[in-house]
Amino acid sequence: LVRLMESGGASVQTGGSLRLSCEVSGLRYNYQCVGWFRQEPGKQREGVARIFMRSGNTDYADSVRGRFIISQNNDKNRIFLQMNSLKSEDSGIYYCAARNDAVCPLDLDGWRYWGQGTQVTVSS
């Protein structure tokens, strides 16, 4: 049973920082990849960042590159998303997702497991 549980969502002012956490359990396969996605009401869900847990290889959406950092703890059971220099357009529900594939793109196809989401609101 794969379980993903997000936490850390909050309301923050523009320019501030926030760190999200995704607790991961049951993901024990040859390839393990965890990603962060976000969605605003009426908008399409989009990929934000992802990490291959075995290698630590990361990838980011152009909109967050240089501002966000995805990482994992030493036990590889928590995935973090450090968000800096937050903008109003960063607002949305942030979801943690996982897949077991040799490739791990940030599009929406192929992500099998999802958390319940955590709300991030960035205001002026």
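In this text, all values refer to a predicted model and were calculated from it rather than measured experimentally. Only heavy atoms go into these numbers, but all of them, side chains included; no hydrogens, no water, no symmetry mates.
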Establish whether [X] and [Y] are linked, either directly or via other cluster members, by ILVMFWY side-chain heavy-atom contacts under 4.5 Å.
X: Phe52; Y: Phe68; value: no
X: Val120; Y: Leu106; value: no
X: Ile69; Y: Val12; value: yes
X: Tyr60; Y: Ile51; value: yes

Checklist entry - Who pairs with Phe37 by ring-ring contact (aromatic ring centres under 6.0 Å, His included), at least two apart in sequence or on another chain? => result Trp111, Trp114
Checklist entry - Under the ring-ring contact (aromatic ring centres under 6.0 Å, His included) rule, what pairs show up with a residue in residues 75-100, not counting sequence neighbours? => result none
Checklist entry - Which pairs, with at least one residue in residues 33-90 and sequence neighbours excluded, count as a disulfide (SG to SG under 2.5 Å)? => result Cys33-Cys104
Checklist entry - What pairs of residues pass the disulfide (SG to SG under 2.5 Å) test when at least one of them lies in residues 64-102, not counting sequence neighbours? => result Cys22-Cys96
Checklist entry - How does the hydrophobic cluster around Val103 look, that is, which other residues are in it when side-chain heavy atoms under 4.5 Å mark a link? => result none
Item to check | Over 12 foreign heavy atoms within 6.0 Å of CD, Gln116 | outcome: yes
Next on the checklist: For Gln82, I'd like to know if atom CD has over 12 heavy atoms of other residues, nucleotides or ligands within 6.0 Å.
Outcome noted: yes
Checklist outcome for this item: Applying side-chain contact (heavy atoms from CB on, under 4.5 Å) to Gln119 and not counting sequence neighbours gives Ile93, Thr121
Checklist entry - Which residues pass the side-chain contact (heavy atoms from CB on, under 4.5 Å) test with Asn74, sequence neighbours left out? => result none
Checklist entry - Could you walk me through whether Leu81 and Val48 pass the side chain to side chain contact (heavy atoms under 4.5 Å, CB included) check? => result CA-CA 9 Å; Leu81 185 67; Val48 176; 4.3 Å; yes
Residues in side-chain hydrogen bond (donor to acceptor under 3.5 Å, both in side chains) contact with [X], at least two apart in sequence or another chain:
X: Ser17; result: Asn84
X: Asp62; result: Arg65
X: Asp101; result: Arg99

Item to check | side-chain contact (heavy atoms from CB on, under 4.5 Å) partner of Ile79, the single match among Val34, Leu20, Asn73, Leu4 | outcome: Val34
Checklist entry - For the side chain of Arg112 and the backbone of Ala97, is there at least one donor-acceptor N/O pair under 3.5 Å apart? => result no
Item to check | Under 3.5 Å donor-acceptor, Glu6 side chain and Gly117 backbone | outcome: yes
Checklist entry - What is the minimum heavy-atom distance between Gly47 and Ala61, and which atoms define it? => result O-CB, 3.4 Å
Checklist entry - According to the salt bridge (Lys or Arg N to Asp or Glu O under 4.0 Å) rule, which pairs have a member within residues 38-48, sequence neighbours left out? => result Arg38-Glu46, Arg38-Asp90
Checklist outcome for this item: For residues 71-89, the salt bridge (Lys or Arg N to Asp or Glu O under 4.0 Å) pairs (sequence neighbours left out) are Glu23-Arg78
Next on the checklist: side chain to side chain contact (heavy atoms under 4.5 Å, CB included) for Tyr113 and Arg3? Distances and angles first, verdict last.
Outcome noted: CA-CA 8 Å; Tyr113 311 105; Arg3 183 172 297 172; over 6 Å; no
Checklist entry - Given the rule in the side chain to side chain contact (heavy atoms under 4.5 Å, CB included) test, do Leu108 and Gln44 qualify, once you have shown the distances and angles that lead to the verdict? => result CA-CA 10 Å; Leu108 291 174; Gln44 186 177 3; 4.1 Å; yes
